[in-house]
Structures are given as C-alpha cells and as structure tokens.
**Q** 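Starting off with a structure, shown below.
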Amino acid sequence: MLEVSFIIAFTAGLLSFLSPCVLPIIPGYLSYISGIGRADGSSKGFNLNILLASVLFVFGFSLVFSLLGAGTTTVGQLLRDYQEVISKVGGGLIVFFGLHFAGVFLRENFLKEILGVSALLVSLHLFGVISQKLLFDLLGIIFIVLFLYSFGFHEKLYRQMRIEMKSNVSLFGAFVVGMLFAFGWSPCIGPVLGSILLYASQQETALQGAILLFFYSMGLGIPFIVAGGLLSAFLSFVKSFSKFFGVVEFIGGLVLVALGVLLTTGRLSMLANLSF
C-alpha cells in the first residue's frame with residue numbers, strides 16, 4: 001500500500017527535476033561529475049562512467065535530504081505543543097512558495113487579484129458557504145503571503161544559488177557534489193523542498209520524515225540517473241520539453257498551494273491517511 005503522502009513527495013521531486021532552472025543545467029552536472037568533459041551527446045549510447053557518477057550524485061543528495069527530513073520531524077515533535085501554530089504558519093509559507101513557483105508574483109495585478117480573493121472569501125462566509133474558522137484560516141494564509149511579499153522575500157527566491165563547476169571530479173567526488181547540491185539548490189527547487197520539509201515536520205516519527213524526503217529525492221534522482229544512462233536521448237528531450245516549462249510551473253505551484261491550504265486548515269491528516 002503506497003501512502004499518498006509519499007506519492008506527493010515523489011511528485012514534488014519530479015516537478016523539481018522538470019523545473020526550468022534545474023532541467024537545463026543537468027547536462028552540465030553530468031559533464032562535471034562524470035569527467036567526460038562536455039556533455040554534448042557526442043558519446044553515443046550507454047556510458048557506464050556517467051551512470052555510476054549519476055548514481056553516486058543522487059545518493060549524495062538523497063542522504064542529506066533524508067537526514068533533513070528526519071531532523072525536521074524531530075523538531076516538529078519537540079514543538080508538538082505549538083503544532084497548531086506551526087501548521088498554520090507553515091501552510092502559509094507553502095502557499096507562498098507555490099505562488100512563487102507558479103510565477104504569480106511576476107504578474108502586474110497580483111496585489112489586486114489577492115485582495116479580490118480576500119473579498120470573495122468574505123462574501124462566501126456572509127452567504128454561509130464557508131465557516132468562520134475556514135475564513136480566518138484562509139485570510140491568515142493571505143496575510144502571511146502579503147507580509148512576505150511586502151518585505152521582498154519573493155525577490156530573494158529568484159536569485160540563483162548554483163554550484164560553480166570549474167573542473168571534473170572523481171566518482172567519489174560525484175557523491176560529495178551531490179551532498180553539496182542538497183545545500184546549494186537553485187531557486188526552483190528551494191520552494192518545493194522547503195514545502196516538503198514543512199510537510200515532514202507534521203509526521204509522527206523521524207523515520208517517516210526521512211522516508212518522505214527519500215521519496216522526494218527519488219522523484220528528483222531517478223530521472224537524473226536515467227539522463228546519465230541515456231545522455232543523447234536526454235539532450236533531445238530537454239530541447240523538446242522546454243516549451244512545457246510554464247505548465248510544470250503552474251502544476252507545481254498549484255500542488256504546493258493545495259498542500260499549504262490543507263496544512264493550514266487541519267485537513268492534511270485526511271490526505272496522509274489515504275492509501276490505495
């Protein structure tokens with residue numbers, strides 16, 4: 001039986017891989033960690049060296065992410081008395097990350113649109129469509145989003161945080177670079193990873209938090225390994241897939257916004273308990 005929460009984490013990792021500031025730089029990472037020079041597809045067919053380097057790279061960031069997941073869950077358990085406050089603030093942060101991922105903050109009419117949503121929520125409450133508690137929860141999310149936006153946190157998320165790659169590395173070096181990648185992610189992966197870590201803080205045990213982040217790592221890492229094994233085909237895929245970056249950002253942002261709303265309103269437990 002696969003937990004829905006783990007499927008969400010895996011999907012989030014896959015969306016991170018397909019994001020427009022991760023997917024285009026994958027060939028550069030493959031070139032750097034495999035020592036083949038320039039990953040331009042000149043090496044046709046299967047390349048064992050690239051595949052091994054890719055596996056070690058993925059193992060490196062998977063280890064760090066899993067430990068972060070366990071640590072985040074542990075901290076969440078220590079702060080269990082404040083879990084309601086953490087869930088509401090964390091949900092607002094996840095919604096903020098989702099709006100950033102979807103590029104909503106780049107819209108000229110963003111402030112007018114969010115104020116319009118606020119007015120709509122109040123109207124729905126006055127007509128008895130939503131309860132007072134739900135209204136306050138949703139308005140709380142909007143307040144957190146506007147607060148972070150007013151202090152320019154969305155602009156900081158757009159800054160690039162990539163690792164400088166000046167020379168090739170050994171196979172063991174690929175593992176180390178993978179660990180560094182976990183700490184130096186680009187703006188696209190940061191909001192998604194931050195959201196999954198906040199999700200992990202609501203898990204019951206450190207093991208559950210670690211497994212949650214492991215599934216996220218697999219969503220990000222399995223396509224990376226496939227790219228290393230099928231480099232030429234992957235380079236063609238990158239060129240053809242670039243036109244769908246907007247769709248990936250929209251879907252990813254929508255998933256994060258939904259996750260944040262569920263966390264804030266206390267409905268996340270129902271989602272986590274589903275299985276099939």
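All values below were derived from every heavy atom in this structure, side-chain atoms included, with hydrogens, water molecules and symmetry-related copies excluded.
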**Q** Compute the centroid of each ring, for Phe105 and then for Phe96, and state whether the two points are separated by less than 6.0 Å.
**A** yes
**Q** Within the 4.5 Å heavy-atom criterion, are Met218 and Val58 side-chain neighbours or not?
**A** yes
**Q** Can you list everything that forms a ring-ring contact (aromatic ring centres under 6.0 Å, His included) with Phe224? Sequence neighbours excluded, please.
**A**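 ring-ring contact (aromatic ring centres under 6.0 Å, His included) check on Phe224 returns Phe57.
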**Q** Does Leu259 form a side chain to side chain contact (heavy atoms under 4.5 Å, CB included) with Leu198? I'd like the steps, not just the answer.
**A** CA-CA 10 Å; Leu259 184 62; Leu198 287 169; over 6 Å; no
**Q** Side chains of Val95 and Ile144: does their closest heavy-atom pair fall under 4.5 Å?
**A** no
**Q** Apply the test side chain to side chain contact (heavy atoms under 4.5 Å, CB included) to residues Leu63 and Leu67: give CA-CA distance (whole Å), side-chain angles for both, the deciding distance (0.1 Å), then the verdict.
**A** CA-CA 6 Å; Leu63 176 62; Leu67 292 175; 4.3 Å; yes
**Q** Considering only heavy atoms from C-beta outward, does the side chain of Leu124 approach that of Leu135 to under 4.5 Å?
**A**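 They are not in side-chain contact.
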**Q** Can you tell me how far CD1 of Ile196 sits from OG of Ser16, rounded to the nearest 0.5 angstrom?
**A**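 The CD1 atom of Ile196 is 8.0 Å from OG of Ser16, to the nearest 0.5 Å.
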**Q** Determine whether Val145 and Phe110 make a side-chain contact, defined as any pair of heavy atoms from C-beta on separated by less than 4.5 Å.
**A**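 The answer is yes, as the side chains (C-beta and beyond) meet within the 4.5 Å cut-off.
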**Q** Could you give the distance from OG1 (Thr265) to CZ (Phe136), rounded to the nearest 0.5 Å?
**A** 15.5 Å
**Q** If you round to the nearest 0.5 Å, how far is CG of Leu256 from CD1 of Ile251?
**A**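 Here the interatomic distance stands at 12.0 Å.
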**Q** Side chains of Ser19 and Phe101: does their closest heavy-atom pair fall under 4.5 Å?
**A**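 Sidechains of Phe101 and Ser19: in contact.
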**Q** Can you check whether Leu220 reaches Phe65 side chain to side chain, under 4.5 Å on heavy atoms?
**A**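 In contact.
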**Q** Sequence neighbours left out, what passes ring-ring contact (aromatic ring centres under 6.0 Å, His included) with Phe151? Give chain and number order.
**A**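 Counting only residues at least two positions away or on another chain, Phe151 forms a ring-ring contact (aromatic ring centres under 6.0 Å, His included) with Phe147.
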**Q** Under the ring-ring contact (aromatic ring centres under 6.0 Å, His included) test, which residues partner Phe237, sequence neighbours left out?
**A** Phe241
**Q** Are Val238 and Phe234 close enough that some pair of their side-chain heavy atoms sits under 4.5 Å apart?
**A**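 Yes, their side chains come closer than 4.5 Å.
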